[in-house]
Amino acid sequence: ETDGMKFYWVGKVLGGTYWTGVETGMTAAGDELGIEITMQGVEKETDIDQQINNLQNAVAANPDAILAAPCDSKALDAPIKEAESMYDGPIILIDTVISTSGGYDAALLTDNVNAGATMARLLMQGLQERGYTEGKVGLECVNTGSQTVIDRQDGFKAYWEENAAEYGVENVEVLWDEIKVSESDNNLAMSFGQDFQSAYPDLVGLAGFNGDSVYFLTSLKEAGNKDVIGVGMDFNIDSYDLMEQGWEYASVAQSTYNMGYYGVYLAVAALAGEDLGGQRIDSGLLEVTQDNLDSEEVQDYIALLRSAS
């Protein structure tokens, strides 16, 4: 019987475009099951101490289950394991895992290595369509400590190195040594895009690994620059507008609603005695390009985003 249960959500930035999908899914599952979910978040993903404090508050409240999205996989590793040792209920991680094994019952997240590889493939596809065979690609992410970001970058790099020749872009240089870190500052993300365009007249691509990639790529619109192929992560309504206007080539959407929704149901399964075994469950991806914006799948996703906003 779940009616009257209390769960805690130790999240990242509450109400952000990306996290609204997760929270909407959680709320829907909670309403179905009669579970009250207390949601705590931080102002920026670099607010590690605040998130640790939120986690400690959740443990002290002793809810039936805790769901959490670590802002930093390494910094939250020990606190989450400490929480597990002090708390009898299940801990379900959403979107991001900690840096070592153990400490949680299950994790529901995107296969981020595959997400990064998908971004690389879409970018190379766009470059090939334009006939670009040389030039520079600028990169941006929200932080460097999240395993999510690390995995996406690893997937991107591996796919690029293995397949660049097939797409005819082996002479295109990806500027790994100059990757920009926005620390969740949207204005900074946009300025990074502007900086790349100013510094490299031969810039042919921009790729952002997190939700603020839409601001990174908005710099192309601000500059009136449709010569650069822009690929982002965490497709949202603003991404849709950029694509519709021809400024952004492609984006990768995560199943944020499913993460939140099924995260609650995983916690309920653990409370019922099911051994989840620390498994990682892939929540899936949706590729969005200018060519499939009007598809039923993308339009359904946009409708979900609009209903959550």
Side-chain angles (χ1 to χ4, degrees), residues 1-43 45 47-48 50-73 76-98 101-110 148 254-284 304-305 307-309:
E1 178 61 49
T2 59
D3 193 44
M5 282 186 176
K6 297 183 184 298
F7 285 10
Y8 259 66
W9 166 233
V10 182
K12 297 187 186 182
V13 181
L14 292 184
T17 303
Y18 175 86
W19 293 104
T20 295
V22 174
E23 293 149 17
T24 301
M26 281 185 187
T27 300
D31 289 345
E32 290 174 5
L33 298 168
I35 297 172
E36 177 186 335
I37 302 176
T38 298
M39 297 190 178
Q40 297 183 321
V42 295
E43 185 175 342
E45 290 194 21
D47 294 337
I48 307 301
Q50 181 60 55
Q51 189 177 52
I52 292 172
N53 186 61
N54 290 345
L55 178 63
Q56 292 169 342
N57 289 341
V59 172
N62 196 32
D64 294 283
I66 295 173
L67 295 91
C71 285
D72 187 295
S73 300
L76 269 294
D77 190 292
I80 284 177
K81 288 180 177 176
E82 181 180 358
E84 184 194 39
S85 69
M86 299 172 61
Y87 170 68
D88 292 331
I91 295 177
I92 306 295
L93 299 188
I94 303 293
D95 175 78
T96 306
V97 293
I98 51 179
S101 61
Y104 57 92
D105 291 79
L108 190 61
L109 69 166
T110 299
T148 295
Q254 299 184 75
S255 299
T256 54
Y257 181 93
N258 287 347
M259 287 185 201
Y261 184 86
Y262 291 111
V264 171
Y265 273 90
L266 277 174
V268 170
L271 288 167
E274 184 175 341
D275 182 7
L276 301 179
Q279 62 182 306
R280 298 185 185 188
I281 301 169
D282 181 9
S283 53
L304 173 63
L305 292 176
S307 69
S309 62

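- Smallest separation of non-hydrogen atoms from M39 and L14: O-CD1, 3.8 Å.
- Atom OH of residue Y104 and atom CD1 of residue I80 lie 9.5 Å apart, to the nearest 0.5 angstrom.
- For V42 against C71, the heavy-atom pair with the smallest separation is CG2-SG, 3.9 Å.
- Nearest heavy-atom pair, A69 versus W9, reported as atom, atom and distance to 0.1 Å: CB-CH2, 3.5 Å.
- Within the 4.5 Å cutoff, the side chain of F7 has heavy atoms near those of the L271 side chain.
- Atoms OH and CD1, on Y265 and I92 in that order, are 14.5 Å from each other to the nearest 0.5 Å.
- Summarising the geometry, atom CD belonging to E43 is positioned 10.0 Å from atom CD belonging to Q50; distances are rounded to the nearest 0.5 Å.
- The backbone N or O of S283 lies less than 3.5 Å from a partner atom in the side chain of S255, making a donor-acceptor pair.
- Under the 3.5 Å distance criterion, the side-chain polar atoms of T110 are left unmatched by any main-chain donor or acceptor of Q254.
- Among V97, L108, L93, the one residue that satisfies the side chain to side chain contact (heavy atoms under 4.5 Å, CB included) test with R280 is V97.
- Using cut-offs of 30° and 60° for the angle between ring planes, the Y257 and Y261 rings count as parallel.
- A distance of 5.0 Å separates OG1 in T148 from NZ in K12, rounded to the nearest 0.5 Å.
- Side-chain N or O atoms of Q51 include none that pairs as donor or acceptor with a backbone N or O of I48 at under 3.5 Å.
- A side-chain donor-acceptor contact under 3.5 Å links E1 to the backbone of D3.
- The shortest distance between side-chain heavy atoms of L266 and I281 falls below 4.5 Å.
- Rounding to the nearest 0.5 angstrom, the gap separating the CG atom in N258 from the CG atom in D282 is 11.0 Å.
- When every heavy atom of L76 is checked against every heavy atom of P70, the shortest pair comes out as CB-CB, 3.9 Å.
- Checking side-chain atoms of D64 against main-chain N and O of K6 turns up a donor-acceptor pair under 3.5 Å.
- Of the possible polar contacts, none joining the D105 side chain to the A267 backbone as a donor-acceptor pair under 3.5 Å is found.
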Check your understanding: Would N54 and Y8 satisfy side chain to side chain contact (heavy atoms under 4.5 Å, CB included), going step by step from the backbone distance to the final call?
Key -> CA-CA 10 Å; N54 290 345; Y8 259 66; over 6 Å; no
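- Contact check for P63 versus T38: no side-chain heavy atoms found under the 4.5 Å cut-off.
- G263 and I94 make their closest contact through CA-CD1, 3.9 Å (heavy atoms, listed as atom of the first residue, atom of the second, distance).
- Judged purely by atom type and a 3.5 angstrom limit, D95 has no side-chain atom pairing as donor or acceptor with the backbone of L109.
- N57 contributes atom CG, which lies 5.5 Å from atom CD of Q40 (distance to the nearest 0.5 angstrom).
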Point to revise | Criterion side chain to side chain contact (heavy atoms under 4.5 Å, CB included) on I35 and V268, from CA distance to verdict | key: CA-CA 10 Å; I35 297 172; V268 170; 3.8 Å; yes
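- Residues passing the side chain to side chain donor-acceptor pair (under 3.5 Å) test with K81 are D77, T100, sequence neighbours excluded.
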